[in-house]
2 protein chains.
Amino acid sequence: MTTIDDVARRAGVSASTVSYALSGKRTISAATRLRVEKAIADLGYTPHAGARALASARTNVLALMAPLRPDVDVSVIMQFVTGVVTKARSHDYDVLLLTQEDAAGLSRVASGMVDGLILMDVEAQDPRIPVVTTLRQPTILIGLPEDSRGISCVDFDFDAAARMAVRHLRGLGHRNLALLGPPPAVLERHTTYADRLFTGYRAQCAADGLEPVIEATGTSHAAALAALDAVLTRSPGLTGLVVHNEAALASVVSGLRDHGRHVGEDVAVLALCPAYVAESQPIPITSIDIPALTIGEVAVEMLLERMAAPHATETRLLAPTLHERQSTFPLQPPAPTGR
Amino acid sequence: MTTIDDVARRAGVSASTVSYALSGKRTISAATRLRVEKAIADLGYTPHAGARALASARTNVLALMAPLRPDVDVSVIMQFVTGVVTKARSHDYDVLLLTQEDAAGLSRVASGMVDGLILMDVEAQDPRIPVVTTLRQPTILIGLPEDSRGISCVDFDFDAAARMAVRHLRGLGHRNLALLGPPPAVLERHTTYADRLFTGYRAQCAADGLEPVIEATGTSHAAALAALDAVLTRSPGLTGLVVHNEAALASVVSGLRDHGRHVGEDVAVLALCPAYVAESQPIPITSIDIPALTIGEVAVEMLLERMAAPHATETRLLAPTLHERQSTFPLQPPAPTGR
DNA sequence: ATACAGTGTTGAACCGCTTCGACAACGCGA
DNA sequence: TCGCGTTGTCGAAGCGGTTCAACACTGTAT
């Protein structure tokens, strides 16, 4: 292994000069810098990360704790991860991947492996929160706990998204709506996005004088059809369906067809999912995009800010945007503006 | 931060004794060990990873380079990652996640960040191979390059899987088969699994006296339908369809219905995909399971072996297994045993 | 009693880098 | 010419562990 001393010798300078030439923390003459750079190139030198971390007390590594189960919304998780990794790399940070199951992982990596942490899939009373608040390193949550005081969070504004969905369908003239939500397992875990989604949905329905019909939706084909049957039974005149369940979306669409309903013609479907999922359905689905990639990127940015200097805690909720595609339509020609 | 010296002081021993008590590399009296353990517990001490890495020249971290694009088969990728991370953790290793795009990443992490590397999504002439063979750390490839000499690989035996698929359908009496393969992009990247799949498919068709009909299949709904139309045109009497394209599977199934064909009744569908993908289709699909989780685990095991002691290079291909579900059926009652 | 082979413990060197304080060389204004 | 602030470079002291050689004990065989 070539070390900084090898480089120093070859460039005819001291090791500290090489270090300063590399970090730029002190002025180095152009001539010397060139000699150092040449020596580095000749030798193919790369600083030893461990030594650097020890001496500088910075590792240039971020920890990302992700739910690694082939559960719902794999592609959403992948997008979070991708957003985090690419944004981290663009700031010269690497990412250490932890699983949700690795309870001791947080303290382990906090002692000298990472400079900051990002936690995904946060629950209402997340047991990891008391742990990370004692750490020297800053932490960002992706998701919202019940009590977010003392900790910074990013998430999608599910409340606003649900309201937007209802308003949009209502604006198109639909008055018989239903919401097919996340699987029961998500509710049992008390991941708060489901609560926020339901809250927003109920509130907007109330504001618009609509009956809120809500059903949790399992991810299997059978479970999705069962949930669909349930809402059709409760609300036979249904014309508008909001689906927040990537895995069930395809099943719901095909189920509607089996019920003799035509998506985009006599029933409007509005999905909450990544844009590309909505686009790849048999009928392109009008969707409110879940900007998972962006959320991952924002998480990294917030984290870097807090690593650079003390910062107040902050909660950032990303606003929803709606993409109209072919699965929605005005129910009666002169649709009232449902704003 | 509490250091090993704090622990030593509190336990009334030297730092080296604490180190030996922790590592077990020298005998320590039971009494001393107990005092040390108590001190560690009292102080909540966790050894500093960077310092340990520097002194011992081991980091207990593995690098995993994964294709982080919301491309085909996200769930397969997630399973690889999950297999790698969980198996690594069970051996007290953490995982550093790199993206395929991070060209310089390999050399960067190789200088002091990781003890070994795993590379996913290997191409025929993968430019990363010459890089990793110069590294001090061992590397395992998930996938097979054209020339695998000098490097260890794990992968699914796509050749055998294709043969098994043909034999199975043939054994059920189907003689008009077609293969819907991975998207054109995969072929252009020269990821070799597609080649091996095609080779095996053609060979078995030849052996069984069948006409090999093969079509690359895009991931969008429209592209999947186009590919289906193409094979139905080329082979109007088609009764058996092999699909190796997780993203297109649902579209193909629904497309068949639009063509008036009934999966499991007048057309047999056999998919190559993770079991849970096959199970969650409207009709449970007979599948040859892609054991992505296992492959990830095997990769870690092979890597650990090579980190522990010099080892010969080795290529491991995991044998396919077939799960019969409801999408396949015997075409004519006394089906010859097609073994 | 003497030598000898474990045991258990320790001090010190070292891993490769960063960073602080010191200092030489230089130009500048007084 | 003297003193002083700049600029560029260096030596040495860590950072927090691991590990080697050395050593003080015990207990056992001679």
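Chain identifiers are assigned alphabetically (A, B, ...) following the order of the sequence lines, protein sequences preceding nucleic acid strands; residue numbering begins at 1 within each chain. Remember, predicted model here, so these are calculated numbers, not experimental data.
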**Prompt:** Hey, does B:Q137 have a side-chain heavy atom less than 4.5 Å from the side chain of B:M113?
**Reply:** no
**Prompt:** Any salt bridge between A:K38 and A:D42, counting N to O under 4.0 Å?
**Reply:** yes
**Request:** Validate the cation-pi geometry between A:R196 and A:F158: distance from NZ or CZ to the six-membered ring centre under 6.0 Å, angle to the ring axis within 45°.
**Result:** no
**Request:** Tell me what A:V13 touches on the nucleic acid: a base, only sugar-phosphate, or nothing, going by heavy atoms under 4.0 Å.
**Result:** sugar-phosphate
**Separation of D:dG16 C1' from B:I40 CD1 (nearest whole Å)** = 14 Å
**Complete:** Testing C:dC17, D:dT7, D:dG17 for proximity to the side chain of A:T27, the answer is D:dT7
**Complete:** Comparing A:A30 with B:A51, nearest DNA chain D nucleotide closer to 5' gives the residue A:A30
**Request:** Using atom NE2 of B:H48 as one end and atom P of D:dT18 as the other, report the distance to the nearest whole Å.
**Result:** 11 Å
**Request:** Compare side-chain N and O positions of A:T3 against OP1 and OP2 of C:dC15 and report whether any pair is under 4.0 Å apart.
**Result:** no
**Request:** Provide, to the nearest angstrom, the distance between the CG atom belonging to B:N60 and the C1' atom belonging to D:dT18.
**Result:** 14 Å
**Fill in**
Between A:I4 and B:R33, the residue closer to the 5' end of DNA chain C by nearest nucleotide is B:R33
**Request:** Figure out the CG/C1' separation between B:L54 and C:dG16, and round it to whole Å.
**Result:** 5 Å
**Message:** Without decimals, in angstroms, what is the distance between B:L22 CG and D:dG16 P?
**Reply:** 16 Å
**Prompt:** Is there a side-chain contact between A:L62 and A:V114 (heavy atoms, below 4.5 Å)?
**Reply:** no
**Rounded interatomic separation in angstrom, taking CE from A:M1 and P from C:dC15** = 11 Å
**Request:** Consider only side-chain N and O atoms of A:S19 and A:S16, and report whether a donor and an acceptor are under 3.5 Å apart.
**Result:** no
**Note, A:F80 side chain near A:I118 side chain (heavy atom, < 4.5 Å)** = no
**A:S14 side-chain N/O to D:dC10 phosphate OP1/OP2 under 4.0 Å** = yes
**Prompt:** What integer distance in Å separates B:R52:CZ from C:dC17:P?
**Reply:** 21 Å
**Request:** Could you tell me which residues satisfy side chain to side chain contact (heavy atoms under 4.5 Å, CB included) with A:L54, sequence neighbours excluded, listed by chain and number?
**Result:** B:H48, B:A51, B:L54
**Item:** Per-nucleotide protein contact string for nucleotides 19-26 of chain D (B base, S sugar-phosphate only, - none; heavy atom under 4.0 Å)
**Value:** BBBB----
**Item:** Gap between atoms CG and C1', on A:D5 and D:dC10 respectively (whole Å)
**Value:** 13 Å
